[in-house]
Structures are given as structure tokens and as C-alpha cells.
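Heads up, the thing below is written out as C-alpha cells.
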Amino acid sequence: MTDAVPPGSLTDWLRREVPQVAVGNRPVAVERISGGHSNLTYAITDAAGRRFALRRPPTGMVLATAHDMGREWRFISALAPTAVPVPPPVAFCADPDVIGAHFYLTEFVDGDVLGDEESGHRLAPAARATAGLDVADVLADLHAVDPDAVGLADLRRRGRYLERQLRRWHRQVHESAVPDLSAVDAAHARLVERAAELTPAEPCIAHGDFRPGNLAVGPDGKVRAVFDWELAAIGDPLADLGWLLASWGRPGDDVPPTIPGPSLVEGYPERADLVARYAERSGRDLAALRAELDVYIAFARWRSACIGAGVYSRYVGGVMGGQAEADGGAARLASLQAQAEAALAALGG
């Protein structure tokens, strides 16, 4: 489906603005990359056979403050010279007349995106432990980057990151089409209380959705690129770590992960191993991490419910770029309810 990225008008823009893309007599090839329920990603193949990746917002029902392509572009461009592996930036388009929305183009990074449980088997058993530990290393390396030094100082905000996030997502979830938000609201109230008790962390670049499904790994398990910077901010490192741990399901878990991923397969490290590796790489105190992570994991589950509410609304509105299945909305509604209830239970609600 190429309605969201018209090949003809895209090719005209590439011919005018992006000389490194080889444009022949025919439009470039456009192919939707599978996966994702928010911003849309497409593979673009030019006349020379070279591949690029294009990111654009959903085709409708875009909530306020969400899906900012310019913001994603800033983070990728700022991190490109650092040790954090990001897809090399190519070009940004702020003219919505080209394809109907702002978008950006990066080089295409070859690698395996392990976005669900089944994908966990694609990585050889010997590489699975490496993959988990490298994920922790890359997260620590991201948090070590000085936001001011890479030109992101203006994105700093007053107040505590976790409290801002609680306000933002609570406001946004109430703009969704979810019919019953009682569990979400109850967990929010408990999180507000617990967040006020936490020791503020030094602000860092927080990815906001750091998990295997947003990473490309090589056959050796090493991370080749970090994708999907839609939720990035100058924020709290433990919010990123809590999000990773909430999505890092393991065989035999009582509570399902926020998003089922490869770690549900045998051979991947345990969550405790990720925490210890992150502490070692970042130089953070392991005991202090363990003392506060329960709150951040509960926050991750609650925020997952809020994000799921937005996705549910797009299912209901029929604007999922042709990817929605008939039962997708119902499944998303059940999942967000389960995560909100798990967050509340973890907080003693």
C-alpha cells in the first residue's frame, strides 16, 4: 500500500532535494515495512537498487504532541556522531504537500528486528545472551550522552520528568476512545504519590520506547541501529530502563510483558542480568537501581496502557494504514486493561 507515500510526488521531491538518491525515469519503489502501530515506516528503493527508510505519521487521528517527525529527526541527527547506533540521517521534509505529512529519510540498516516472541528463535542460541547484554550496553551508552553537547539543550523542560509524563499521558488517554478508564485512573493516582517520593535522576536523553522491537541486531546479537525515536525526550534514565524491563518477558512469568518480544524464548538473559549489566556499564549503583525500579516498571505498564488507548482509537477510526485486522481493536483494549491492572497491583492499589 503506497497511498500514504505516493511514489510519484516523493520521487519528484527526491530529484529536487536529495541528490544522493538515484532517481531514474520511473518512480522509486515504496514498500511498507511490517510492524508498528504508530508512525509508519517504508522501505524506499532507488534506481541504483540502494535502500532507504522513510518515516511518516499515521494517516489520521493524530493526537496532539504525538508523531512529531521533526523531533525524531533532531534526535537521530544529534546522535549520529556518537557511540549510539542510529540509522544515518539523509533528509527531512517539512512540506506536507509532498506526501501529505512531514517525513524524514535515513539510510537503510540491515539487521533483524526481533519484534515478537516467534522472532526470538531467529537468533542463534549462542547469540541470545549477547543480544540481551548489548541491549543494556546501548541503553547505558545513550544515557551517557550529554544532551547539551549534542545540541539538544533547548529540549530540557522544567520540573521532574516522571511527573510531566504522568500529566501528559493521563491527559492524552482521556482523549482516546476507550470506554472505561477506571483502572488507568486508579494506577495514575498511585503513581503520582510514589513519583513524589523518588530521588530525581540527572536528566539524560531518554528514548521512550527502548526494547528489542525497536532495534536492529546482527547475527552475532550486536545492536546495529536504534529506531523509532517518536517518544524521545530529555528525561529520566530509569524510565527507559523500566520500560525495557516491562517488555522483557521471560518463560514462566505471571504477568505478561507490555509487548511480547524475543526474550520469551529460552536463552536470553534474565531481567536481573540486564539491570546488573546496565549498572556496570553506566556506573550507577546497583542497589539504588533495584530500590526504585519497581515504580518505574509500574509506570511503564501504565504508560503502555495509555499508548494502547491511542492505538485502540486508531483501530476504531479505521486509520491503521491498512494493517488493522477485524479483532485488532478488541485485542488492544484487553491488553491495555491488563497492563493498567498490573501496574495498580504492583503499586499496592
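Throughout, residue positions are numbered sequentially from 1 according to the sequence presented.
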ask   = Got a donor-acceptor contact below 3.5 angstrom from the S335 side chain to the A331 backbone?
value = no
- request: I would like to know whether L123 and T130 meet side-chain contact (heavy atoms from CB on, under 4.5 Å); could you show each step before the answer?
  value: CA-CA 10 Å; L123 204 58; T130 298; over 6 Å; no
Separation between CD (E202) and CG (D236), nearest 0.5 Å, reads 10.5 Å
Taking 4.0 angstrom as the limit, do R194 and D294 come out as a salt bridge? no
Please walk me through it: do R15 and D12 pass side-chain contact (heavy atoms from CB on, under 4.5 Å)?
CA-CA 5 Å; R15 185 178 288 111; D12 291 340; 3.3 Å; yes
Charged N to carboxylate O under 4.0 angstrom, R74 versus D154?
yes
With heavy-atom distances below 4.5 Å as the criterion, would you say the side chains of R156 and P203 are in contact? yes
Is the side chain of W302 donor-acceptor paired with the backbone N or O of V184 at a distance under 3.5 Å, no angle test?
yes
- Task: Flag the pair L344 / R190 as yes when at least one side-chain heavy-atom distance between them is below 4.5 Å, and no otherwise.
- Result: yes
### Query
Is S176 reaching over with its side chain to a backbone N or O of S313, donor-acceptor style, under 3.5 angstrom?
no
Stepwise side-chain contact (heavy atoms from CB on, under 4.5 Å) test for T45 and V28
CA-CA 6 Å; T45 305; V28 294; over 6 Å; no
Using a strict threshold of under 4.0 Å (side-chain N to carboxylate O), is an ion pair present between R50 and E107? yes
Q) Any chance the side chains of E31 and Y42 put a donor and an acceptor closer than 3.5 Å? A) no
Side chains of R224 and P85: closer than 4.5 Å at any heavy-atom pair? no
Does some side-chain heavy atom of P57 sit less than 4.5 Å from a side-chain heavy atom of M69? yes
Hits for side-chain hydrogen bond (donor to acceptor under 3.5 Å, both in side chains) against R290, two or more places apart or cross-chain, chain-then-number order -> none
Residues R164 and G159: closest non-hydrogen pair is NH1-O, 2.8 Å
is_close_aromatic(F210, W229), centroid dist under 6.0 Å:
no
On a heavy-atom basis, the closest approach of P147 and I205 is CG-CG1, 3.9 Å
Exercise. Considering only NZ, NE, NH1 and NH2 on the basic side and carboxylate oxygens on the acidic side, decide whether R55 and D228 come within less than 4.0 Å.
Key: yes
Within one Ile-Leu-Val-Met-Phe-Trp-Tyr cluster: F227 and V145, side-chain cutoff 4.5 Å
no
| task | In plain terms, say whether R281 and D141 are close enough for a salt bridge, that is, a side-chain N and a carboxylate O under 4.0 Å apart. | result | yes
Query raised in the report: Hey, quick one: are W13 and V5 part of the same hydrophobic cluster, counting side-chain heavy atoms closer than 4.5 Å, chains of contacts allowed?
Result: yes
Value for CZ (R71) from NE2 (H102), rounded to nearest 0.5 Å, stands at 15.5 Å
- [ ] Could you tell me how the ring of H188 sits relative to the ring of H170: parallel (under 30°), tilted (30 to 60°) or perpendicular (over 60°)?
- [x] parallel
CG of L14 to CG of D46, rounded to nearest 0.5 Å, is 8.5 Å
(Q) Counting neighbours of CD on Q20 that are heavy atoms of other residues, nucleotides or ligands and sit closer than 6.0 Å, is the number greater than 12? (A) yes
Checklist line | Flag if over 12 foreign heavy atoms under 6.0 Å of CZ, R16 | finding: yes
*Under the ring-ring contact (aromatic ring centres under 6.0 Å, His included) criterion, do H207 and F75 qualify, and how do the steps go?*
CA-CA 9 Å; H207 181 274; F75 278 97; 9.1 Å; no
Given side chains that start at C-beta, do those of V217 and V135 come closer than 4.5 Å, heavy atoms only? no
For A309 and V178 the tightest heavy-atom approach is CB-CG2, 3.5 Å
Q) How about P88 and V109: do any of their side-chain heavy atoms sit closer than 4.5 Å? A) yes
Residues L238 and L289: closest non-hydrogen pair is CD2-CD2, 3.1 Å
Closest non-hydrogen atoms of R56 and F103, given as atom of the first, atom of the second and distance, are CB-CB, 4.1 Å
So SG of C93 and CH2 of W73: to nearest 0.5 Å the spacing works out to 11.0 Å
Exercise. Does Y268 reach the main-chain N or O of G249 with its side chain, forming a donor-acceptor pair under 3.5 Å?
Worked result: no
query = Is Y104 linked to V150 within one hydrophobic cluster, defined over Ile, Leu, Val, Met, Phe, Trp and Tyr using a side-chain heavy-atom separation of less than 4.5 Å?
reply = yes
- Under 3.5 Å, is there a donor-acceptor pair between the D240 and Y296 side chains? no
Exercise. Do you see a donor-acceptor pair shorter than 3.5 Å between the side chains of Q337 and D180?
Worked result: no
Scanning both residues in full, the closest heavy-atom pair of H143 with C204 reads CD2-SG, 3.5 Å
Query raised in the report: Does NZ or CZ of R211 come closer than 6.0 Å to the centre of the six-membered ring of W243, within 45° of the ring's axis?
Result: no
Do V265 and E117 have side chains that get closer than 4.5 Å, going by heavy atoms?
yes
I44 with V98, same ILVMFWY side-chain cluster at under 4.5 Å: yes
| field | Flag side-chain contact, heavy atom, 4.5 Å: P200 against Y161 | value | no
Rounded to the nearest 0.5 Å, the CZ atom of F108 sits from the CZ atom of F52 at a distance of 11.5 Å
Determine, stepwise, if the pair E72 / N39 fulfils side chain to side chain donor-acceptor pair (under 3.5 Å).
CA-CA 11 Å; E72 280 201 39; N39 289 337; 2.7 Å; yes
May I have the step-by-step check of side chain to side chain donor-acceptor pair (under 3.5 Å) for Y278 and D137, ending in yes or no?
CA-CA 6 Å; Y278 177 85; D137 286 347; over 6 Å; no
query = Salt bridge check: are D253 and R250 linked by an N-O gap of less than 4.0 Å?
reply = no
Please check if the side chain of R160 supplies one atom and the backbone of L198 the other of a donor-acceptor pair under 3.5 Å. yes
**Prompt:** Are I259 and V173 joined in one hydrophobic group, where the rule is that I, L, V, M, F, W and Y side chains link up if heavy atoms are under 4.5 Å apart?
**Reply:** no
Given the rule in the side-chain contact (heavy atoms from CB on, under 4.5 Å) test, do V255 and R301 qualify, once you have shown the distances and angles that lead to the verdict? CA-CA 11 Å; V255 180; R301 293 189 178 281; 3.5 Å; yes
So CZ of R122 and CD of E118: to nearest 0.5 Å the spacing works out to 8.0 Å
Is it true that a side-chain atom of S119 and a backbone atom of G115 form a donor plus acceptor pair closer than 3.5 Å? yes
Original post:
Is there a donor in the side chain of D185 and an acceptor in the side chain of S182, or the other way round, less than 3.5 Å apart?
Top reply: no
